[in-house]
Amino acid sequence: MLLAGEVALVTGAARGIGLATVRLMLQHGAKVGLADIDETVGVATCSELQKEFSRNAATFIPTDVTDSMQLRRMFQTTIKEFGKVSIVCNNAGVADEQNWKKMIAVNMVAMMESTHLAVEFMSHTRGGEGGVVINVSSMGGILPMPFGPSYSASKFGIVGFTRSMTECLERDGIRVNCVCPEFTDTAMLATASMTSEQLEMVQSVGILQPEQVAEAILQLATDSSKAGAVMTVTMKRGIDFFLFPGDPGYSSKKSKL
Ligand SMILES: NC(=O)c1ccc[n+]([C@@H]2O[C@H](COP(=O)([O-])OP(=O)(O)OC[C@H]3O[C@@H](n4cnc5c(N)ncnc54)[C@H](O)[C@@H]3O)[C@@H](O)[C@H]2O)c1
Ligand SMILES: CC[C@@H](O)/C=C/C=C\C[C@@H](O)/C=C/C=C/C=C\[C@@H](O)CCCC(=O)O
């Protein structure tokens, strides 16, 4: 029960990596606010989780993370229901190169706004108890993705913002980290428009299960030594950390993927 007494707020929680993360956090004793734009699936998912765990362990908040009012309400509702928020997982995301401005709004701008709201609601300097923010990026946020340049830009933005916010959030008692998974077996991957060559590449890289990414997120939520970490989850290396020049332990020889 690694999360007894903690309250988590997970966006994009109705399915995929978000749902796997919610389930794992519930298994470890957390109370969880599930936020998602898909109200139909979200309500059904939350009802199943309440049966599996307990009625008062989870609540669903219909939320479009690109709507500032709804994003704020997501925090307010979770705090009203469970008394606080101590873990925020900004997981909601889309992969849509055609509507790249909307994709940037969902994947990056909303993650940035939610991180700022986490400070407002969790900071020691504002009467909060501090906590941790985990932003879900992608291996496409460390390496180029020729088949999704705008998606990759949104994910590089998450890595850059997370690493840049680390120091200033220390005074708030908030750790911020990001996780960069490789291809993962969810609806996003299943519905991605790819050429046959790209699909072959996906098969050669391999496909993770959402539960593997959830375990990585749990590690970041519970390891108080991690702040500003860029965690990778790959078929080849499992859970690892990507170091950048200037990071303690960085060596040009070791930073291989
Ligand atoms: N699947 C992969 O291969 C993969 C790999 C690396 C990173 N990721 C990232 O993991 C995260 C989760 O993706 P997934 O693979 O579970 O995809 P998914 O499509 O299964 O789940 C994404 C969830 O986000 C929700 N969502 C979308 N737009 C939203 C919005 N505006 N407001 C609130 N919720 C919204 C969807 O309704 C859905 O429930 C995303 O940030 C994605 O970029 C996915
Ligand atoms: C808009 C992108 C969309 O079409 C596909 C998205 C699919 C999954 C989500 C994404 O986060 C997964 C990224 C996985 C990257 C894995 C390995 C990287 O090194 C990229 C390899 C690219 C290559 O070798 O050509």
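Counting starts at 1 for both ligands and their atoms, following the listed order.
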For atom 3 (O) of ligand 1, find the nearest protein heavy atom and state the residue, atom name and distance (0.1 Å precision).
T184 N, 2.8 Å
Decide whether the shortest distance between a heavy atom of C180 and an atom of ligand 1 is less than 4.0 Å.
no
Please report which non-hydrogen protein atom sits nearest to atom 9 (C) of ligand 2, along with the residue it belongs to and the distance in Å to one decimal place.
Y151 OH, 3.4 Å
Looking at side-chain heavy atoms only, is the closest gap between V133 and I174 below 4.5 Å?
yes
Atom 17 (O) of ligand 1: the protein heavy-atom neighbour that sits closest, reported with distance to 0.1 Å
M188 CB, 3.4 Å
D64 heavy atoms, cut-off 4.0 Å: which ligand 1 atoms fall inside?
30 (C), 31 (N), 32 (N)
So which heavy atom in the protein is nearest atom 26 (N) of ligand 1, and how far is it from that ligand atom?
I37 CG2, 3.9 Å
Note the single closest protein heavy atom to atom 39 (O) of ligand 1, along with its residue, its atom name and the distance in Å.
D36 OD2, 2.6 Å
Are the side chains of I217 and V10 in contact, using a 4.5 Å heavy-atom criterion?
no
Is any N or O atom of T66, backbone or side chain, closer than 3.5 Å to an N or O atom of ligand 1?
no
So which protein heavy atom does atom 8 (C) of ligand 2 come closest to, and at what separation?
F183 CD2, 3.9 Å
Which residue owns the protein heavy atom closest to atom 22 (C) of ligand 2, what's the atom, and how far is it?
F147 CE2, 3.7 Å
Can you find a non-hydrogen atom of M139 under 4.0 Å from ligand 1?
no
Quick one: look up the protein heavy atom nearest atom 40 (C) of ligand 1 and list residue, atom name and how far away it is.
N91 O, 3.2 Å
Under 4.0 Å from a heavy atom of T63: which atoms of ligand 1 are those, numbered in the order shown and with their elements?
32 (N), 33 (C)
For ligand 1, is there an N or O atom under 3.5 Å from any N or O atom of I17?
yes
Return yes or no for this condition: an N or O of P181 is under 3.5 Å from an N or O of ligand 1.
no
If you scan protein heavy atoms around atom 3 (C) of ligand 2, the nearest is A95 CB, 3.8 Å
Among protein heavy atoms, which sits nearest to atom 19 (O) of ligand 2, and what does the distance come to when rounded to 0.1 Å?
L143 CD1, 3.1 Å
Among all protein non-hydrogen atoms, which one is nearest to atom 38 (C) of ligand 1, and what is the separation to 0.1 Å?
R15 NE, 3.4 Å
Report the relative orientation of the aromatic rings in F121 and F75; use parallel for angles under 30°, tilted for 30 to 60°, perpendicular for over 60°.
parallel
Within-shell test, Q198 vs ligand 2, heavy atom, strictly < 4.0 Å:
no
Which of the atoms in ligand 2, numbered in the order shown and given with their element, are less than 4.0 Å from a heavy-atom of A192?
4 (O), 5 (C)
Ligand-residue contact atoms, ligand 2 with E97, heavy atoms, under 4.0 Å:
1 (C)
Identity and separation of the nearest protein heavy atom to atom 5 (C) of ligand 1:
E182 O, 3.2 Å
Closest protein heavy atom to atom 13 (C) of ligand 2, given as residue, atom name and distance to 0.1 Å:
S138 OG, 3.3 Å
Verify the neighbour count for atom CD of E129: are there more than 12 heavy atoms of other residues, nucleotides or ligands below 6.0 Å?
no
So is T186 polar-close to ligand 1, meaning N/O to N/O under 3.5 Å?
yes
Among non-hydrogen protein atoms, atom 21 (C) of ligand 2 lies closest to M201 SD, 4.3 Å
Protein heavy atom at shortest distance from atom 17 (C) of ligand 2:
E182 CG, 3.9 Å
Could a heavy atom of V136 be found less than 4.0 Å from some atom of ligand 1?
yes
Which of the atoms in ligand 2, numbered in the order shown and given with their element, are less than 4.0 Å from a heavy-atom of M139?
15 (C), 16 (C)
Counting only nitrogen or oxygen atoms and a 3.5 angstrom limit, does D96 reach ligand 2?
no
So, S123 versus T125: side-chain donor-acceptor pair below 3.5 Å or not?
yes
Going by distance only, is there an N or O of L189 that falls short of 3.5 Å from an N or O of ligand 1?
no
